[in-house]
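Let me begin by presenting the structure, written as structure tokens, before commenting on it.
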Amino acid sequence: MLLAVGCGRIGFEPVAESSLIESPRSVSASGAVSCAVLADGALLCWGDAVHGSLAPTIGDRYMFPTQIGGDLDWAEVSTGAQHTCARKVDGSLWCWGTNTDGQLGDGTTTTRTVPVQVGVATDWTAIFAARRTTCGLRGEGVLWCWGAGGAVGDGTLMPRFEPVPIAAGQTFRTISGRDDHACALDSNDRLWCWGDNGNGEVGDGTLVPARAPLLIGVATWRVVSAGFQRTCGVTAAGALSCWGNGFSPAPQDVAAGVAWTGVSTGGGAICATRDTALWCWGENDYGQLGTGDNFRVATPTEIEPTARFGLVASSQQHTCAVRDRVLVCTGLGARGQLGDGLERWTLSPRTAIPGAWSGLAVSDGAACATATDQTLWCWGANAFGQLGHGITTPEPAPVRVGGVGAWAHVSVKSSGTLGIRTDGTLWQWGAHIGVSSTTPVQLGTETTWSRTDGGSDHACGVQLDRSAWCWGGNISGQLGDGSTVASTTPRRIGTATYDAIAAGYRGTCAIRTDGTLWCWGENSTGQVGDGTTTLRTAPVLVSGSGTWAHVSVGSFHTCGRRTDGSLWCWGANELNQLGDGTFVPRLTPRQIGTDTDWDTVMAAGEHSCATKIDGTLWCWGLNNDGKLGDGTRTSRALPGQLGAGMSWEQVEADSETTCARATAGPIYCFGSNAYGLSGDGSAWSTRFQPVVR
């Protein structure tokens, strides 16, 4: 039962039978998109619409299934996350969404937000949409593919903007694809696979890409499902086999000797059917297996033994299935892909994470905070162990970081975390810069670290003698040592002394002890601030006069505060992330307004936030997830205040969520709750819930 309050259902109350979806003809799930063809031929989709795979209505997502057009003659649908294709009963084929690689098959690379017909053929009998490619069967089983070069299967590396025939002379009865590989069963039930093979997902026993279909073994097969970096299938004898990531590079039995009838391979989650029983196993971070919890399952485990399951479609982080004739979904639902209408984002600071906090860091769905008693706590995404408490299960509420010691500083970036203890030692955990650990691992033996910050694949820090150091990836010169050579150990940045350092996406900025601001690394949008777009492998002086007190490096823009209290931003501005009221990118610092009472600033992905010395909090830029915290999802070209009446000390953000630390101690997070950052546990469902119209 779902409890309804206003327009959005946030608890449990009876679901009206008329709102359920019964006995759909076709179900597909990929990325954060779900689609179904109903018994009456209507096509419904829900979830993420940002790539055009769904025509956007409320911002960039459908929270409820919404009909695509008014036609009632659809037969089959397949979504590839960023594009979707569907077949009609008259045999015509239609696609829409992202088209950068020609995956829509209309002869162009133009993105389409409404279905466009693929050619004029009306003999299509099957279809699948992968990440950057599409394939279909025509007539008596002739295979046609199009899209990204190397994954099409025509033996070349050329992109194909219209369908081309594959495996001449062979006829096929079923096809499946995901990411950049695909598999098909021919009319004699033999297995053929092709495409990327870095994890052995093609199944030929090698890791060599297959640019044309390869015959895999001598077995005959009942069904095959190509998923993210792995493939599974059911043999004609009813054995369940998998290969690729987590398995060998050739088919190996997962559950032999039983009568399996079907399988769906998503990301790390796999679900298979045995008659009307559903069995799932694998990754379960967000409840995508439907087990009622989010613990990984090592072997096939029956789901809801008393229920009768039919169609099943697994994505990387959610699963949809037909249970007792009703369409249900489970797993991550932050972008509406569960179709249950629940709003899994917060538009304003309203739910406090209690505690007496002294520091805060946020990135890529994970957050960590130091408490006034010098303990360290983390919550949110945890696929790589970045929460530091010994496991990889995401946590919707703060959990204490493992290990002994008192903590002085924390930084969360990408898939890993950095922390400095009160004794000056530096620690890393998660999967970050040569470390893979679910608990803190000390980096070096120095006891003189005072500050650190992490970028997407690199980190930097300042020691007590004011020397600055960087380590990690260096493809854009973000380490600042004049090279593009990576390093797993810290390298000193020249001989200058620094008061502060900030790392972002392949870029770094630091304030020297004389107050001058220097930046280096990625500069494609002018984020270095030297008036050019030239990549810089060593520090360059940021243009303009003045001395600086604070700096923050985002994905493709940078913001800083000067010692006179003025606020400045530069770099990319296509979504108003600079806050100057325009969409014009800036190659040098641009003052934001005329106020001179700014305190701290945070440059995130496509939005920015800052605090003033009076404790007020201001945000601007993209607001699709409510991350500006003003109670709306309306973007802002200029700074707008939020949380009126409250006093704030610190603000941190990633591309989808903003968290701020109040003066009184609690932390508030707003925006997307995809990975549990708000701490209220609403980010995912661990059991199958009805899809509601």
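What you see is a predicted model, and the numbers here were worked out from it, not measured in a lab.
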* To do: Show your working on side chain to side chain contact (heavy atoms under 4.5 Å, CB included) between H409 and R451 and close with a plain yes or no.
  => CA-CA 7 Å; H409 176 75; R451 193 78 180 172; 3.2 Å; yes
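- Side-chain contact of E522 with S524: a donor-acceptor pair under 3.5 Å is present, judged by distance alone.
- With hydrogens and angles left out, the side-chain atoms of T372 and S358 include no donor and acceptor closer than 3.5 Å.
- Although no hydrogens or angles enter the test, the distance criterion places no donor-acceptor pair under 3.5 Å between the side chain of W618 and the main chain of L642.
- Considering only heavy atoms from C-beta on, W520 stays 4.5 Å or farther from L479 through its side chain.
- Between R506 and D457, the closest side-chain pair of non-hydrogen atoms falls below 4.5 Å.
- Under 4.0 Å is where a charged nitrogen must lie from a carboxylate oxygen, and between D599 and K612 no such pair does.
- Between the side chain of S450 and the backbone N or O of V462 there is at least one donor-acceptor pair closer than 3.5 Å.
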* CA sep, side-chain torsions, deciding dist, call: T447, T425, side-chain hydrogen bond (donor to acceptor under 3.5 Å, both in side chains) -> CA-CA 5 Å; T447 59; T425 56; over 6 Å; no
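- Salt-bridge annotation for E656 and K627: absent, with no side-chain N of the basic residue lying under 4.0 Å from a carboxylate O of the acidic one.
- Proximity of V551 to I511: side-chain heavy atoms (C-beta onward) are separated by under 4.5 Å at one or more points.
- Judged by the 6.0 Å distance and 45° axis criteria, R562 is positioned over the aromatic ring of W568.
- Residues W620 and L628 approach most closely at O-CD2, 3.5 Å, considering heavy atoms.
- For D285 and N382, the side-chain atoms include no donor-acceptor pair closer than 3.5 Å.
- Counting only heavy atoms from C-beta outward, the side chains of V362 and C659 approach each other to under 4.5 Å.
- Scanning both residues, G473 and H458, for their nearest heavy atoms gives O-CB, 3.6 Å.
- Note on ring orientation: taking the six-membered ring where Trp is involved, the planes of F556 and Y505 are tilted (angle from 30° to 60°).
- The pair D625-R633 does not meet the salt-bridge criterion, since no charged nitrogen lies less than 4.0 angstrom from a carboxylate oxygen.
- How far CD1 of I667 is from CZ of R661: 7.5 Å, rounded to the nearest 0.5 Å.
- Side chain of S476 to main chain of Q478: no donor-acceptor pair is present (N/O by atom type, distance under 3.5 Å, no hydrogens or angles).
- Side-chain polar atoms of S647 and T663 form a donor-acceptor pair below 3.5 angstrom.
- The minimum heavy-atom distance between V553 and G507, with the atom names listed, is CG1-O, 4.0 Å.
- Judged by distance alone, the side chain of N576 and the main-chain N or O of T582 form a donor-acceptor pair under 3.5 Å.
- A donor-acceptor contact shorter than 3.5 Å links the side chain of S411 to the backbone of G454.
- At least one side-chain heavy atom of V401 sits less than 4.5 Å from a side-chain heavy atom of P440.
- The aromatic rings of W469 and W449 stand perpendicular to each other, their planes meeting at an angle above 60°, with 30° marking the opposite boundary.
- D499 has no carboxylate O lying under 4.0 Å from a charged side-chain N of R512, or vice versa, which leaves the two without a salt bridge.
- Atom SG of C368 and atom CH2 of W429 lie 6.0 Å apart (nearest 0.5 Å).
- Residues S414 and D364 approach most closely at CA-OD2, 2.9 Å, considering heavy atoms.
- A donor-acceptor pair is defined here as one N or O able to donate and one able to accept, closer than 3.5 Å; such a pair exists between the side chain of T370 and the backbone of G359.
- Within 6.0 Å of CD1 in I475 there are 12 or fewer heavy atoms belonging to other residues, nucleotides or ligands.
- Taking the side chain as every heavy atom from C-beta outward, V601 and L567 approach each other to under 4.5 Å.
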* Applying side-chain hydrogen bond (donor to acceptor under 3.5 Å, both in side chains), run through H557 and S608 and close with a yes or a no. => CA-CA 9 Å; H557 76 291; S608 308; 2.8 Å; yes
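- A distance of 9.5 Å separates CG of N284 from CZ of F295, quoted to the nearest 0.5 Å.
- Taking 4.5 Å as the limit, some side-chain heavy atom of P394 sits within range of a side-chain heavy atom of N294.
- A ring-centre distance under 6.0 Å is found for W648 and Y668.
- Between the side chains of E446 and T448, not a single donor N or O lies within less than 3.5 Å of an accepting N or O.
- No side-chain N or O of S655 forms a donor-acceptor pair with one of H607 less than 3.5 Å apart.
- The side-chain heavy atoms of I353 and W379, taken from C-beta on, include a pair separated by under 4.5 Å.
- Heavy atoms only, all atoms of each residue included: N623 and S635 are closest at N-OG, 3.1 Å.
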